[in-house]
Amino acid sequence: MSEVGLLAYTGKKFSVGNFQAMFKNPFFYGVMLSSGELYEGKHEPIISKRLFDEVQAVMERKSKPKTPTLKPYLYRGLFRCGECGCLITTETQKGHNYLRCTKRVTACTQKYVREEAITAQVDRTIAKVVLEAAIADQMVAELEQERTAAATSQQAAVTKLKADLAACDKQADLLLDMRLSEQIGETEYVSKKHTLVNRKAEIRGKLEAFETNRLNRFEPAIRFVLEAKHGANLLAEGNPEHKRDFLKKTGSNFFVAGQSLTVTFRTHWQLVADFNSVPTSSAAHAAKNGEGSRGV
Ligand SMILES: [Zn+2]
C-alpha cells in the first residue's frame, strides 16, 4: 500500500508508524496468522472459566427447582464480581434490571448496578476494538496483496522443486542403465542411488511443507480485520445481544465492581485497542478538548 495514501487516510488519527507497528508485530504476522485459531488463545484459561460459569449456572438453576423458566437476562453468567469473584446475577426491580454480586463465598460490599449502565460501558468497550472502515479496508487490501505475492512466489518455488524431482528420476534411470550395462560397479551404483534417494526425500519434504503451509494463513487475519470493522455496525445497529456476543469474542475475565465493567481483551484485540489508543498530536489535542474521542 502506498504510504502517501495511508497518510492521507490516517493523518488525522493514526500515524503511518503505529499502523506499521501493528502490522509488523510478530504476533499479528506469526502466531495469529499461522494458528488459524483466532478467538481461543491457548494461554487463556477460557475452558476452566467457562466450565466454572456453567457449573455456577447449573447450581443456580438447581437452587430454584420450581422456577418455570429462567428470565433471558442479557448478561446471564457473563460477569463476575471484581471484589469477591462470585458470579454477577440480574434481577428485575420495579421494571428495571439490576446486576448484583451473588455474594456466595465471602462478605462483599458491592452494590447493585443498573443494567443500562453496564450496557453503556459495553458499548465503550467495544468501541475500543473497532477498526475504522477506511483503516480496515486498507489492511485487507494489504493482506490480499501479500497473499497474491506469496501465491506467486510459492508457485515458482513449487515448479522448481517439481523440476528437481523429475531430474532426480531421470538420473536414477540413467544410473540404472549404467549399472545394467556394467559401466559402473555395484558399490558406486548403491552409493549414487543412495544420494539420489536422499535428495528426492528432501525435495518431497519441501513440497509437503508448501502443501501444509498453504496460503490460508492470510484468511484468519482478513477475517479478523473484517470482524473488527464490523464492530462499528454492531454499535450502530444497537442490538444488545449482538453486542454482548461481540464483547465475549473480544475478551475474557469480565468483572463488575464499583459499577464499572473491566475486560481483558484477547491478545489480537488488545493490539487493536493499543493501535486505536495511540493518538497523533492532533488527535491528542482533540481529545483534550473533548472532541473526536470515541466516548471512552
Ligand atoms: Zn462480590
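Whatever order the structure lists ligands and atoms in, that order sets their numbers, starting from 1. Note that the numbering runs from 1 along the sequence shown for the chain.
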Any pair with a residue in residues 76-96 that passes ring-ring contact (aromatic ring centres under 6.0 Å, His included), sequence neighbours left out, goes on the list, sorted by first then second residue, please.
Tyr75-Phe79
Backbone of Thr89 reached by a side-chain donor or acceptor of Thr102 within 3.5 Å:
no
Charged N to carboxylate O under 4.0 angstrom, Asp245 versus Lys249?
no
Checked the Zn ion (ligand 1): protein N, O or S atoms closer than 2.8 Å come out as Cys81 SG, Cys84 SG, Cys101 SG, Cys108 SG
The remaining residues in the hydrophobic cluster of Leu174, counting side-chain heavy-atom contacts under 4.5 Å among Ile, Leu, Val, Met, Phe, Trp and Tyr, are none
Residue list, side-chain contact (heavy atoms from CB on, under 4.5 Å) with Glu144, at least two apart or on another chain
Val140, Arg147, Ile222
For Gln270 and Asp274, does a side-chain donor sit closer than 3.5 Å to a side-chain acceptor?
yes
